[in-house]
Amino acid sequence: MKTEYKIIADIIENNSSVLDVGCDDGTLMEFLKVNKNTNIRGIEISKEKVQTCIAKGLTVIEGNAEFDLKQFPNDSFDYVILGQTLQAFVNPEIVIRELLRVGKKAIVTIPNFGHWKVRLNLLIHGTMPVTQTLPNEWYNTPNIHMCTIRDFFKFSETMNFKIYKSFALMNKKLSSINSSNLSFKNLFCELGIFLIEK
């Protein structure tokens, strides 16, 4: 079980309604269903992964969050989760707006492109880095928008949404992010986890 999933589960209240956007093979959905008694649904772009989820008894539809969240009414869910996929969308602004329309709150996690290993790799080797949280080469990566933890804070101001809670993962250890430690977290943490509201 990914550390990220346990952190997401800690944020979500028991008996909540949840939509997992880009739910992959349904591992997080299963975890939340069992451990938090959530009424959980999923949307996933890969037909094969949708079938995997359905085989596990999960309620998942095939769709692309950039276009298909429109089918859900306003405030349909207590929480909407978007795990490490914001940077893969052509229009992340549209996706964030839709997350906050469909859900009362959204949990967004991002791989931090500002991490020192990423910076050092680019500086020394002059090539796009390959790390544990960024495992693909530049030509086959799904990531089209390189985003750092600091970028996400600026994004919240531009898009006018509130970051209610913010956490960072460094060597599987969780810590809070605030204005006084933002530069440090942006340099040393691999993953940002944000609870956001309209």
Side-chain angles (χ1 to χ4, degrees), residues 1-8 10-11 20-25 27-28 43-46 48-49 64-67 80-100 106-196:
M1 177 63 56
K2 288 183 183 177
T3 307
E4 176 188 351
Y5 290 175
K6 290 176 182 163
I7 295 161
I8 290 169
D10 285 343
I11 294 170
D20 188 359
V21 177
C23 60
D24 199 54
D25 65 359
T27 304
L28 175 59
I43 181 168
E44 170 57 47
I45 200 166
S46 159
E48 293 77 23
K49 287 176 180 172
N64 181 330
E66 227 158 338
F67 311 107
V80 179
I81 302 166
L82 185 70
Q84 295 198 49
T85 50
L86 184 65
Q87 71 283 351
F89 289 110
V90 175
N91 294 298
E93 315 95 307
I94 292 171
V95 176
I96 285 288
R97 271 194 215 104
E98 283 296 288
L99 294 181
L100 291 173
I107 299 168
V108 178
T109 70
I110 59 160
N112 180 24
F113 286 87
H115 187 260
W116 70 269
K117 283 184 184 174
V118 175
R119 298 185 197 195
L120 190 64
N121 193 298
L122 192 55
L123 180 69
I124 292 174
H125 300 290
T127 59
M128 291 308 293
V130 176
T131 67
Q132 192 170 350
T133 50
L134 301 167
N136 301 97
E137 297 286 350
W138 70 268
Y139 54 85
N140 64 5
T141 181
N143 301 320
I144 56 176
H145 294 289
M146 312 310 171
C147 178
T148 70
I149 289 172
R150 185 186 292 278
D151 283 326
F152 194 82
F153 274 87
K154 285 183 184 172
F155 187 53
S156 74
E157 291 169 13
T158 305
M159 293 292 296
N160 198 26
F161 62 82
K162 290 182 222 145
I163 298 177
Y164 185 65
K165 289 182 183 174
S166 52
F167 304 101
L169 263 184
M170 181 168 61
N171 301 323
K172 296 191 177 177
K173 289 183 183 151
L174 184 69
S175 58
S176 294
I177 307 170
N178 55 52
S179 55
S180 63
N181 68 16
L182 178 56
S183 294
F184 178 84
K185 302 295 181 187
N186 196 48
L187 182 60
F188 289 106
C189 295
E190 299 104 353
L191 190 75
I193 300 163
F194 305 93
L195 176 63
I196 64 173

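Positions are given from 1, in the same order as the sequence printed here.
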Inset, instruction - In sequence, state the C-alpha distance, the side-chain angles, and the governing distance for Val80 and Ile107, and then conclude on side chain to side chain contact (heavy atoms under 4.5 Å, CB included). - result: CA-CA 6 Å; Val80 179; Ile107 299 168; over 6 Å; no
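- In this structure the side chain of Val95 reaches within 4.5 angstrom of the side chain of Leu82, judged on heavy atoms.
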Inset, instruction - Quick one: do Val90 and Glu66 satisfy side chain to side chain contact (heavy atoms under 4.5 Å, CB included)? Show the steps, please. - result: CA-CA 8 Å; Val90 175; Glu66 227 158 338; 3.4 Å; yes
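- Separating the CD1 atom in Ile81 from the CG atom in Asp20 is a distance of 5.0 Å, to the nearest 0.5 Å.
- Take Glu98 and apply the salt bridge (charged side-chain N to carboxylate O under 4.0 Å, His left out) test, not counting sequence neighbours, and it matches Arg101.
- Distance check: Ile96 CD1 to Asn160 CG gives 13.0 Å after rounding to the nearest 0.5 Å.
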Inset, instruction - Please assess Leu187 against Arg119 for the test side chain to side chain contact (heavy atoms under 4.5 Å, CB included), listing each intermediate value before the final yes or no. - result: CA-CA 9 Å; Leu187 182 60; Arg119 298 185 197 195; 3.7 Å; yes
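- In this structure Asp25 satisfies the salt bridge (charged side-chain N to carboxylate O under 4.0 Å, His left out) test with no other residue, sequence neighbours excluded.
- Looking at heavy atoms from C-beta onward, Val108 lies in side-chain contact with Ile196 at the 4.5 angstrom threshold.
- Looking at Leu195 and Ile163, their side chains never come closer than 4.5 Å, going by heavy atoms from C-beta outward.
- Take Thr148 and apply the side chain to side chain contact (heavy atoms under 4.5 Å, CB included) test, not counting sequence neighbours, and it matches Asn112, Phe113, Arg150, Asp151, Asn186.
- Listed by chain and residue number, Glu4, Ile8, Gln84, Ile193 satisfy the side chain to side chain contact (heavy atoms under 4.5 Å, CB included) test with Thr109 (two or more places apart in sequence, or in another chain).
- The minimum heavy-atom distance linking Glu93 with Met159 is given by the pair O-CE, 3.4 Å.
- Every residue was checked against the side chain to side chain donor-acceptor pair (under 3.5 Å) condition with Glu157, not counting sequence neighbours, and none meets it.
- Distance alone, capped at 3.5 Å, places no donor-acceptor pair between the Gln87 side chain and the Cys147 backbone.
- Rounding to the nearest 0.5 angstrom, the gap separating the NZ atom in Lys2 from the OG1 atom in Thr27 is 8.0 Å.
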Show me the donor-acceptor pairs within less than 3.5 Å that the side chains of residues 165-181 make with the rest of the protein, sequence neighbours left out.
unit_1, atom_1, unit_2, atom_2, d
Ser166, OG, Ile177, O, 3.0
Ser175, OG, Lys185, NZ, 2.7
Asn178, OD1, Ser180, N, 3.0
Asn178, OD1, Ser180, OG, 2.6
Asn178, OD1, Asn181, N, 3.1
Asn181, OD1, Asn178, N, 2.8
Asn181, ND2, Ser176, O, 3.1

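- Residue Ser183 holds its OG atom at 11.0 Å from CD1 of Ile149, rounded to the nearest 0.5 Å.
- By the ring-ring contact (aromatic ring centres under 6.0 Å, His included) test, Phe67 is found to be paired with no residue, residues two or more places apart in sequence or in another chain being considered.
- With contacts defined as side-chain heavy-atom distances shorter than 4.5 Å, the pair Phe89/Ile94 does not qualify.
- Between atom NE2 of residue His115 and atom CD of residue Glu190 there is a gap of 4.0 Å, rounded to the nearest 0.5 Å.
- Applying the ring-ring contact (aromatic ring centres under 6.0 Å, His included) test to Phe152 and every residue at least two apart in sequence or in another chain returns Phe161, Phe194.
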